[in-house]
There are 2 protein chains.
Amino acid sequence: MRTMSPPVGLPALAETDLVGQVARLLTEAIVQGRMPPGSKLVEAGIARELGVSRAPVREAARLLESQGLLVASPRRGFFVRQFAADDIDDIYDLRLCVERHAGVLAARNLTPETRDALRRQIDVLHQTADLDDSARQVEEDYRFHRLICEIAGNRRLLRLFDDLASELRMVIGLIGRLYDDPHEIARTHEPVLAAIEQGHPERIVAHIDHHIGHAWREVGRLVREIPPIAVHVKSPT
Amino acid sequence: MRTMSPPVGLPALAETDLVGQVARLLTEAIVQGRMPPGSKLVEAGIARELGVSRAPVREAARLLESQGLLVASPRRGFFVRQFAADDIDDIYDLRLCVERHAGVLAARNLTPETRDALRRQIDVLHQTADLDDSARQVEEDYRFHRLICEIAGNRRLLRLFDDLASELRMVIGLIGRLYDDPHEIARTHEPVLAAIEQGHPERIVAHIDHHIGHAWREVGRLVREIPPIAVHVKSPT
DNA sequence: TAGTCGTCGATTGTCGACAGTTTAGTCTTG
DNA sequence: CAAGACTAAACTGTCGACAATCGACGACTA
């Protein structure tokens, strides 16, 4: 009798994963603000819109639930997660914790190739700054930070970063525009990279603290300014 | 003026959340090693055993998938996650990152009550050490570390800790017994608490590093000793 | 008129069924 | 005897259906 070989993490050849596709679409809709926080996810509606039955939609919703983008309220359905000011603080606090660590690890693993990748991404940030495309700017910003986590070489850390980023994208999306001066933001990434190249843990942490701390304060301020997050949407509590 | 039904202390009616119950049972079975890593989750089997249909089982499986306890292999089903030595390193690395941060935050938020709670938990650890109940010992150990994360006051950080703990319990469960001298382990928690009471971030980090680093090396060694866990298991019983 | 109760449409939770795929076991062939 | 082909059983992915429940609205009462 042969032992059945369990999955070993190779990229699935055929992307026939319906649940995965639905999950991706839902995630997109949520972080882009098309499904605002507090709004109800009507299973039948989504299913009809996508031309599938409710089963895959519910399974996808469970994935997002475990990821924190949706909250399940028994017998009332799934609702898009709402963020209070506390949540912003929790997220940024954790992000700070994660990125500090990632920065130190990245410095340890840095190769000429990965260093160039980081530099190129800063170039992209500068180029994007001219486009006046806020969403794109935020996206490229995250890509830089994500690169650091990739270089750190801890897959679980990377996944955590992605989860946090989803939530932050969602918050930032509903704030509207974030950057007053995209070029300024692009520049503030440079000392972070410089510190990583130098390799002094203390300097790395200090610069990351400064960089992310700034975003934290900025987002926190905006969230507190616009506390009534809309809306006529039905909330689960 | 609105006449809301005045709260009369009724214990929120029994959780009829079938999916949640199934998820809890599956989690338990996995971390206890009754469903060994690599084994296949046969939906119909689980469903029959629990007296439900496959739909709730699949939804529960999606929750565990997003949590990392199961991996989905399209058209082949769900499998209990397998851990390689790399995974152990990733998990402990992240845990270290998280607990350092939690320790510093906990020191900042420490009150007489929370300090006493930590002390009491160390007492429990010493008492449990006499029982020669390895599983219980591991559980109480985690409870101490979890307390620190609770005191830190970041809900997302706490959830992350719980997720990591699930995975670690699973690994430790299949290693078998971990503690040579439970009393020794209990004692090693004391300097951590002392550092938190003192409140010097550097001391806190240093002691947590020492404490968790020790576990990391120990578990890593054991995992490398028993590398490939051959799986002939087709379905859990 | 404010608050409560009853009714009805809308939605969720769960189930059983079916088609298509994977797996295990057997047989064939070089 | 090993490797490959073939067959049957087992399993997954998805669907549609149905009962239970929720939320909204209007009728009723004090």
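Below, read A as the first sequence line, B as the second, and so on, with proteins coming before strands; counting in each chain starts at 1.
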Write out a two-atom table: protein N or O, nucleotide N or O from nucleotides 13-16 of chain C, distance below 3.5 Å.
| residue | atom | partner | partner atom | Å |
| --- | --- | --- | --- | --- |
| dG13(C) | OP1 | R75(A) | N | 3.1 |
| dG13(C) | OP2 | R58(A) | NH1 | 2.2 |
| dG13(C) | OP2 | R58(A) | NH2 | 3.1 |
| dG13(C) | N7 | R54(A) | NH2 | 2.7 |
| dG13(C) | O6 | R54(A) | NH1 | 2.9 |
| dC15(C) | OP2 | S53(B) | N | 2.5 |
| dC15(C) | OP2 | S53(B) | OG | 2.7 |
| dC15(C) | O5' | S53(B) | OG | 3.4 |

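Between the CZ atom in R100(B) and the NE2 atom in H101(A) there is a gap of 6.0 Å [rounded to 0.5 Å].
Side-chain N/O atoms of R34(B) and Q32(B) include a donor and acceptor closer than 3.5 Å.
Legend: residues meeting side-chain contact (heavy atoms from CB on, under 4.5 Å) with D86(A), ordered by chain and number and at least two apart, are R155(B).
A straight line from CZ of R48(A) to P of dA10(C) spans 11 Å, rounded to a whole angstrom. Distance CD1 (I46(B)) to C1' (dT12(D)): 14 Å, rounded to an integer number of Å.
By the 4.0 Å N-to-carboxylate-O rule, E28(B) lies too far from R24(B) to be salt-bridged with it. Using a cut-off of 4.0 Å between Lys/Arg side-chain N and Asp/Glu carboxylate O, E59(A) and R62(A) are scored as not salt-bridged. In this structure, R136(A) does not pair ionically with E139(A), as no charged nitrogen and carboxylate oxygen lie closer than 4.0 Å. Under the 4.0 Å criterion applied to side-chain N and carboxylate O atoms, D163(B) and R81(B) are not assigned as salt-bridge partners.
For dT12(C), one of the phosphate oxygens OP1 or OP2 lies less than 4.0 angstrom from a side-chain nitrogen or oxygen of K40(A).
Between F144(A) and H189(A), the ring planes lie perpendicular to each other; the angle is over 60°, past the 30° to 60° tilted range.
Five base pairs at each end of the helix from dT1(C)-dA30(D) to dG30(C)-dC1(D) define two local axes, and these are offset by 20° (rounded to 10°).
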